[in-house]
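The structure under discussion appears below in the form of structure tokens.
Values below: every heavy atom of this structure, side chains too, minus hydrogens, waters and symmetry copies. Below, read A as the first sequence line, B as the second, and so on, with proteins coming before strands; counting in each chain starts at 1.
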Protein chains: 2
Amino acid sequence: MSASEALPAVLDRIDRDLDASLDRLFALLRIQSVSTDPAYAPQCRAAAEHVAADLRSLGLETSVRPTEGHPVVVGKANGQADGGKAPRILFYGHYDVQPVDPLDLWKTPPFEPRIENLADGRKIIVARGACDDKGQAMTFVEACRAFKAVTSKLPLDITMMIEGEEECGSKHLFGFVRENAAEFRRDLALVCDTGMWDADTPSITTSLRGLVYEEVRLTCADRDLHSGLFGGAARNPIHVLADVLSALHKPDGSVAIPGFYDGVRELPPDIKADLAGLDLTPEKFLGQVGLKIPAGEKDRMVIEQVSTRPTAEVNGIIGGYTGEGAKTVIPGKAMAKVSFRLVGAQDPEKIRAAFRDFVRARLPADCTVDFGNFTSAPAFDVAFDNPALTKARAALGEEWGKKALAIGSGGSIPIVGDFKTVLGMDTLMVGFALDDDRVHSPNEKYDLKCFHKGIRSWARILAALAG
Amino acid sequence: MSASEALPAVLDRIDRDLDASLDRLFALLRIQSVSTDPAYAPQCRAAAEHVAADLRSLGLETSVRPTEGHPVVVGKANGQADGGKAPRILFYGHYDVQPVDPLDLWKTPPFEPRIENLADGRKIIVARGACDDKGQAMTFVEACRAFKAVTSKLPLDITMMIEGEEECGSKHLFGFVRENAAEFRRDLALVCDTGMWDADTPSITTSLRGLVYEEVRLTCADRDLHSGLFGGAARNPIHVLADVLSALHKPDGSVAIPGFYDGVRELPPDIKADLAGLDLTPEKFLGQVGLKIPAGEKDRMVIEQVSTRPTAEVNGIIGGYTGEGAKTVIPGKAMAKVSFRLVGAQDPEKIRAAFRDFVRARLPADCTVDFGNFTSAPAFDVAFDNPALTKARAALGEEWGKKALAIGSGGSIPIVGDFKTVLGMDTLMVGFALDDDRVHSPNEKYDLKCFHKGIRSWARILAALAG
């Protein structure tokens, strides 16, 4: 029996097994696996062992792999799958959670999961990690469990990597993946740590913006000067910096650095039409933070500006006297932090070099500049015609009764970049979080519907990828 | 005998009395009248009493006038002078001095004055206050003493005001002058607290720039935003601020605020020619602080840029993340401190309003601004055809054998502004300090030649004004 043939029975099994699925999730939610606080190291270890035992129950060859930080749980379905042309899968999730403070804002203890009935009829799972990422990761695990129950095996060759340091920067995972690249190099990565567009509309995150982060330090005079004695003749580095930063954008909102848009791709018409159909107005998006006028490229929709278009942003600036009252100083130095969100095939090294040239070209001869760099990471994206993406979108559409969006995320998830650059494979980010899930905040929740239909969604996606 | 007829004898008396003049200066220099440290209040009081006794010895009707801080010594020559058309004089100086720290950098104790012979043949008086302002103030007192010795009276109706808080902001003097305006409202003020152009070239400071000091606080979003989620669509107040500050100056270095130059006067050709003759090159002036290219109005000499032309200067700026490393924030707020040096008849209130309009005109509709003001003071200047200025310049030229400059100072001396606005009189600032006097620093000195010829200069000026 093929995975597709088994799917109706698998979905039925998921529905009937939901209470047991919830019990298993609750057991995981009770473990206080706060990764950033060393006091919780034993609980993190306990969560890893708990996940490992669960993966073993699926027949996966499972190990709890040490790192210099919290361990990584690895489970492999070697030999279980049909093989053939179906892609081999690496699933990534994390068992660690954010700290719970401020604790007094929680209505019930964060590690005592419960179901709450909302006035609008929704049922929600409330606990730290209910969504991020225990609840989300378990949607995938439970889908695998249902296949195992119905067909006695997993529908694909699946390797799971469930780490314990995502909430504190995944800092030991990068080395772990590099050192064990051969082991984790599969055909496709799946991640369940993102959100839906809204409660009715599924989406797959198909791109993440890259980041170049620079610090610019200008020096003019070799000391701070009195503005009475030198004002009018002495070069002021704040003025020089203001001129440079003001020149970064053209009047149309685009970035003025030569070559900046090299490698930026236009969206296919159908994808762009999907985004336009969302009708994300400036009022809706910017109104939530007290703004109303989009500041970016004038000929782009807000949804493009924040996800599929590159940016130049000053993240910080300081110079001269910034305390209370007045000081008549012309400072010798001024500093700014400037970062660029990258998309498509923009080359971080070229962008960095072009920015530095742009700054140097605007310096008077008696002003010197010193640069620092903190980040230089390319964008990640999945080709819109990737067959796995097409199949997964169709499967999601079946489950939710609505076309699944292929959408870009404005932020960066560094490990996904490494899956591409180190392991050479694409990642589909499929998640069921909602905007009101209070991820990282008190009273974190996950809609029961999202958990249930999330499991069903993965079952459909796995069947589609296997077919 | 007129003052002019007496002058040769007065000058001769000054020369013969120089050792005694020095003894009197040394007696004053030994008093530790550090005004800013409350521990030295008794010494400040002692200095005031010492000065008062000295003024009484000139026949002045003298009192030590209390303030909420250190007292003001007032001496009046009521009835001593010839009267007639000669101007009644208010002389201003101060008996307080700067603190001496770092004490270990002094070659000899700061309050044990001594004469040192330099390798280049100069003799210098070394002590805290040798120049600023005990030495300088005593040049005037000694000139009066010589007149008194030769003619039994002072050459003009002179009131002296020697205060004790100049080095800590003169904060009680403003009220004192306002409350006793009728008493101090004379025809002309004389001040000896400025410098020569160089060791051979006397000068009179005829203008001080005014100051408008503003703080600009911009708000865009109502919180700090994540640049991954909002970057590209959200307004960044640092960008808005950079645009505003960059627009402050035109490419030719002039200030772009409409109406900014209203009330700015051109220098008379002869005064401008004098300044051009000084040959103050950018290398000489800016080279001392590591700069080389004048940043101000391109068609102006450096000496004009820093003294007789108005400026716009950013004194401080801050916004976003300015600590170590990277933070991908779009801040909600950004702030800058911006000041303007004013000249001629520029109106501080109009400049302030025009600047605020200039900022508001450049704000997007979802960006708000809040202003603060710290200072709003007009420029001070003496008309170049003021007869007292002409006479004083001629007198200085006679003494030094070189034409005396009429020159602007880039900074502000607030009490001189009050002499104009509250007492309605002009001030001639005539001083004999040199650039290497180490005023406010360890090993402060005053050239013996400056002290001696300073006394002779005042004798000539008083005679000229009386004539």
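For the pair B:His249/A:Asp243, no side-chain contact is recorded, criterion being any heavy-atom separation below 4.5 Å from C-beta on.
Taking both residues in full, the closest heavy atoms of A:Ser246 and B:Ala242 are given as CB-O, 3.8 Å, listed atom of the first, atom of the second, then distance. Across A:Ala234 and B:Leu291, no two heavy atoms sit closer than the pair CB-CD1, 3.8 Å.
For the options B:Pro331, B:Ala365, B:Pro310, B:Pro282, heavy-atom pairs under 4.5 Å to chain A are most numerous at B:Ala365. When each of B:Ala334, B:Gly320, B:Gly232 is scored by its heavy-atom pairs under 4.5 Å with chain A, the top score falls to B:Gly232. The residue among A:Gly316, A:Ala233, A:Gly319, A:Pro294 with the most heavy atom pairs within less than 4.5 Å of chain B is A:Ala233. Ranked by non-hydrogen atom pairs under 4.5 Å with chain B, the options A:Gln288, A:Glu297, A:Glu214 are led by A:Gln288. Of the listed residues (B:Lys292, B:Arg341, B:His226), the one with the most heavy-atom contacts under 4.5 Å to chain A is B:Arg341. If you tally non-hydrogen atom pairs under 4.5 Å between each of B:Gly323, B:Ser339, B:Cys367 and chain A, the highest count goes to B:Gly323. Counting heavy-atom pairs under 4.5 Å between each of A:Ser409, A:Gly410, A:Ala326, A:Pro364 and chain B puts A:Ala326 at the top. Chain A forms the most heavy-atom pairs under 4.5 Å with one residue out of B:Gly290, B:Gly372, B:Gly253, and that residue is B:Gly290. Counting heavy-atom pairs closer than 4.5 Å to chain B, the top-ranked of the candidates A:Ala221, A:Gly296, A:Cys220 is A:Ala221. Comparing B:Thr311, B:Val289, B:Asp222, B:Val306 by how many heavy-atom pairs each has under 4.5 Å with chain A, the most go to B:Val289. Taking chain B as the reference chain and counting heavy-atom pairs below 4.5 Å, the highest number among A:Leu245, A:Val302, A:Leu286 is found for A:Leu286.
Shown here is A:Asn373, whose CG atom has more than 12 heavy atoms of other residues, nucleotides or ligands within 6.0 Å. Applying the 6.0 Å contact sphere to CG of B:Asp370 captures more than 12 heavy atoms from other residues, nucleotides or ligands.
B:Asn236 places no side-chain N or O within donor-acceptor distance of the main-chain N or O of A:Glu313, the cut-off being under 3.5 Å. Between the side chain of A:Asn315 and the main chain of B:Val329, a donor-acceptor pair closer than 3.5 Å is present.
Put simply, CZ on A:Arg209 and CG on B:Leu229 are 8.5 Å apart, with the number rounded to the nearest 0.5 Å. Separation of atoms CD (A:Gln305) and CZ (B:Phe230) is listed at 12.5 Å; rounding is to 0.5 Å. Here A:Thr328 contributes atom OG1 and B:Lys337 contributes atom NZ; the two are 12.0 Å apart, rounded to the nearest 0.5 Å.
Residue contact with chain B, scored on non-hydrogen atoms closer than 4.5 Å, involves the backbone and the side chain of A:Tyr321 alike. Interface remark: A:Ser307 contributes no atoms to any contact with chain B (heavy atom separation under 4.5 Å). Contact annotation for A:Leu241: neither backbone nor side-chain heavy atoms come within less than 4.5 Å of a heavy atom of chain B. Residue contact with chain B, scored on non-hydrogen atoms closer than 4.5 Å, involves the side chain of A:Leu211 exclusively. In this structure, the portion of A:Glu324 lying under 4.5 Å from any heavy atom of chain B is its backbone and not its side chain. In this structure, chain B has a heavy atom under 4.5 Å from the backbone of A:Ala312, while its side chain stays farther away. With a 4.5 Å cut-off on non-hydrogen atoms, A:Ile317 touches chain B through its backbone and its side chain both.
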Notebook entry, point to check: Going through the checks in order, is the side-chain contact (heavy atoms from CB on, under 4.5 Å) test met by A:Leu248 and B:His239?
Noted result: CA-CA 9 Å; A:Leu248 271 181; B:His239 294 184; 5.6 Å; no
